[in-house]
Amino acid sequence: MKFPYDGNSSTYSSSAQLKKAEITDEEQVFINSGSGTDLRNLSKLIIPPLGSSGSNQTQNDSKGRIISSMDSRYRCWETLMVILVAYSVWVCPFEISFLDSSPNKELYIADIIVDIFFAVDIVLTFFVAYIDSRTQLLVTDSRKIATRYLSTWFLMDVASTIPFETVAFLITGRHQAGVSYSVLGMLRFWRLRRVKSFFTRIEKDIRFSYFWVRCARLLFVTLILAHCAGCLYYFLAVKYPHGGKTWIGSAIPNFKETSLWIRYISALYWSITTMTTVGYGDLHAVNTLEMVFIIFYMLFNLGLTAYIIGNMTNLVVEATRRTMEFRSSIEVASSFVSRNQLPPRLKDQILAYMCLRFKAESLNQQQLIEQLPKTLCKSIRQHLFMPTVEKVYLFKGVSREILLLLVADMKAEYIPPREDVIMHNEAPDDVYIIVSGEVEKIDCDKGKERVVWTFKSEDMLGEVGAFCSRPQISTYRTKTLSQLLRLKTSSLIEAMKMRQEDNVIMIKNFLQHHNKLKDLCLGDLFLEGGEEDGDLNMSINLLTVASTGNAAFLNELLKAGLDPDIGDSKGRTPLHIAASRGHEECVVVLLKHACNIHLKDMNGNTALWEAIAAKHHSIFTILYHWASISDSYIAGDLLCMAVRRNDLTVAKELLKRGLHVDSKDRHGLTAIQVAIAENHIDMVRLLLMNGAEANDTVKNKIPSVNLNDILQKREVGHRISMPDALDKDVLRRHENEQEHGGESFQGLCVPRVSIYKGHPLARRESHCTQPGRLIRLPNSLVELKNIAGKKFGFDATDALVVDGGGAEIDSIEVIRDNDKLFIVENPDYICNKTDKKQK
């Protein structure tokens, strides 16, 4: 799960600090799943600017003294300060109004203790990292923290903490009272901003009901205002020179002698009835000063009432749409996870994605970039991404033109911790560059996950699958919040094709990098003892690439200038390996790069032999076509080799593939001659059964062979049969891939027929045992007659070709594979004899 994003570069905290990253209080999100797993850390994420990494960010010289605002201990301290603020806001107006003449010793000591706590908080603030509102980055530079605090809230925090009455008591030695000290004491209300931040943070906490938290916030505001108004109204009554002509004096004569509790309740009662506009019956303004105060108080209440009603309306109707949508999505996700019993890792990933999307949506930078012209977007991406892309190992030495093309197609993504970027066996559609954060490479061994490597800034992911054109070999999972640049594999391949020089450079960078890393998955691609900076042919084993069937990777390596005929210690070339393993696509790639088909290994085997021995018939068909173009003796050489090795299986396969049984090798020998010379009786029988020319030599040299029986069996069809439409699909599939002037597949004539001399009726009457000939079916009937004439020693120009029933054949198209044909030398004689017999 990924969320695309764009941003700005800056110089702030390192990638290591991102592990404790956070967001502003206004955007703080706490998550607690229904199963009891605390996921609050998922929201403590700082989104770094695009293009910035840990190596480019300012390091903090006093890192040990800097306090993270998301530290659990500091959060407890903040909660304590909120409680003390609430106490100060309540007790300050109460002391000024009700205890002015007789200060309470316990409250006096408590005030001093609270002021000490706030003084300590001022000191701590100089060491608390903050979020830059412009860049959304965590600032950990102690100088910047101090400068910011001194220029903003420091003076007001100090003024709200100084105990002016205590200072005056220490100077004069007596308790001081007066309006001036009362006004200075009201500076403590500056601390209310902490309460606002506290409620804003709690509203995002899914563990608490948003409705009741919001109501509690409004109730707190209402009670504080009612308390302060009541205290101030009582203060006016106390300071008024005519005590009986006040709102409380007219209702309670000698009110100063009444209990403190009754006086406070009376003031609070008046404040609330006035605020709610219920009306007056017992307590009302008496003198002019009170009337003026009530006028302004009522005007203020109009705004307060509008604020409360507006908030309640928004709470009921809108319910703070974004937050509620976020909370709803979290609740739906939690319910989905619980209902389907998903594993904890998937649950964490889903909730982390929800948090990151909520945070990223507030920045809206991606929408801005999409609205800009294409050329401007390219310039922005070039400015943001180019410094990182230039440092990636794969692109070192690559021309700037290619880098600009690649950067223009890159997309930035923020991915939360413990998120799968690439999954095992996933299609290699994308490659990733790490800008910031850490990503782990995970292998699964017997169902157990094992971290084998950790990638950091400027590393690359997924390029192995892209180059090798195979599913991803491992799982890649983020360790921390990571910013990645995603590039389509197709875009990378297209860019490589534009300049051959850059293609070679990228291939070399890829091979050298993984050779240095001793990559566990690519380790078999490198020869032992190879020179690290020497010839690439010594550092890469093309044999292994061919054996794995990675045709796309093999093609790229050959484009980079590697020798396609490189051999191992046994003389086996990549073509040998691909042919024996059945990797047809690799065979085609090697042929396109002009490999030598006729090379032999130390055992004398060619790639053709490896293909037919392994019964990879489609590969044999392709190789035989290419070999027959340059070597007219290829059929005879293969048959004679099979005979010399007395390999009946290979000999049968060769005959099935349509090789002419009487083909001669480059020494002018046929397979039957070699079999007789080697005294391979079974091989002689096989060859004779499949149409080999029989003569007296067989009887003389191998008397154990019953030639007449073999010829009779051959006549009735006891021979190896050819499949219908042999390899026509293979030929058709590769016909368009030839790079040799559009040459067709010659030398491999698929259909074979048996041809006999004489009419079939005449042969049966005379019990003729003259053997026939097994030949490849030519392209025309005239050629068939010429071949038959040469085989049987007569001029067959005017002869007839008939089938087993005596029907004349006048077109080559009606003849099928394995048909028996008869060549009739004197058709008139046969017809007259047949007519006389019928009469």
Side-chain angles (χ1 to χ4, degrees), residues 2-22 44-60 63 129 132 135-141 352 356 360 365 380-398 403 406-407 409-422 430-442 451-464 466 474-487 492 506 509-510 512-514 516-517 519:
K2 313 173 185 69
F3 195 81
Y5 217 72
D6 290 309
N8 302 313
S9 299
S10 185
T11 55
Y12 288 90
S13 63
S14 65
S15 59
Q17 293 168 323
L18 294 178
K19 298 177 182 177
K20 299 181 179 180
E22 57 181 327
K44 303 175 185 179
L45 305 175
I46 291 181
I47 297 182
L50 297 184
S52 66
S53 61
S55 60
N56 297 328
Q57 295 172 347
T58 302
Q59 299 294 326
N60 181 22
K63 181 179 179 181
D132 189 285
T135 61
Q136 294 294 314
L137 289 180
L138 183 68
V139 179
T140 58
D141 191 336
L356 183 59
Q365 298 176 81
I380 293 174
R381 289 192 176 97
Q382 176 184 345
H383 173 74
L384 295 175
F385 304 152
M386 185 63 76
T388 300
V389 173
E390 288 177 337
K391 297 177 183 179
V392 177
Y393 81 89
L394 187 66
F395 304 123
K396 289 183 178 179
V398 176
L403 292 181
L406 293 174
V407 168
D409 291 333
M410 290 183 179
K411 301 291 184 182
E413 294 178 347
Y414 290 120
I415 305 180
R418 310 307 301 166
E419 175 74 19
D420 288 341
V421 182
I422 297 175
D430 303 296
V431 295
Y432 295 88
I433 297 173
I434 303 177
V435 178
S436 61
E438 296 181 352
V439 179
E440 295 176 333
K441 179 180 179 180
I442 300 175
V451 178
V452 297
W453 195 264
T454 300
F455 295 90
K456 298 183 178 180
S457 176
E458 299 170 5
D459 285 340
M460 198 170 191
L461 312 175
E463 77 278 15
V464 176
S474 300
T475 296
Y476 296 86
R477 185 177 300 157
T478 56
K479 185 177 181 180
T480 62
L481 172 68
S482 301
Q483 180 190 165
L484 305 182
L485 298 179
R486 177 170 59 87
L487 177 65
L492 176 61
M506 285 191 224
N509 290 341
F510 175 78
Q512 291 173 357
H513 176 76
H514 286 278
K516 291 178 182 178
L517 291 181
D519 193 287

> When you measure from the side chain of Asp409 to the backbone N and O of Leu487, does any donor-acceptor pair fall under 3.5 Å?
Replying inline: no
> Should Glu438 and Arg477 count as side-chain neighbours, where that means a heavy-atom distance under 4.5 Å?
Replying inline: no
> Hey, does Ile433 have a side-chain heavy atom less than 4.5 Å from the side chain of Met410?
Replying inline: yes
>> Are the side chains of Val452 and Ile442 in contact, using a 4.5 Å heavy-atom criterion?
In response: no
> Distance from Ile415 atom CD1 to Asp420 atom CG, nearest 0.5 Å?
Replying inline: 10.0 Å
> Any side-chain heavy atom of Glu463 sitting closer than 4.5 Å to one from Phe510?
Replying inline: yes
> Hey, is the main chain of Val435 close enough, under 3.5 Å, to the side chain of Ser457 for a donor-acceptor pair?
Replying inline: yes
>> For Tyr393, run the side-chain contact (heavy atoms from CB on, under 4.5 Å) check against Met460, Glu458, Met506 and tell me which one passes.
In response: Met460
> Which heavy atom of Glu390 sits nearest a heavy atom of Leu403, and at what distance?
Replying inline: CG-CD1, 4.0 Å
> What is the minimum heavy-atom distance between Gly437 and Ser482, and which atoms define it?
Replying inline: CA-OG, 3.7 Å
> Does the Thr478 side chain pair with the main chain of Val439, one donor and one acceptor, at a distance under 3.5 Å?
Replying inline: no
> Between Thr388 (side chain) and Met386 (backbone), is there a donor-acceptor pair under 3.5 Å?
Replying inline: no
>> Once rounded to the nearest 0.5 Å, what's the spacing between atom CZ of Arg418 and atom NZ of Lys479?
In response: 9.0 Å
> Would a line drawn from the ring center of Phe455 to the ring center of Tyr476 be shorter than 6.0 Å?
Replying inline: yes
>> Among Ile434, Thr475, Leu484, which residue satisfies the side-chain contact (heavy atoms from CB on, under 4.5 Å) criterion with Val421?
In response: Leu484
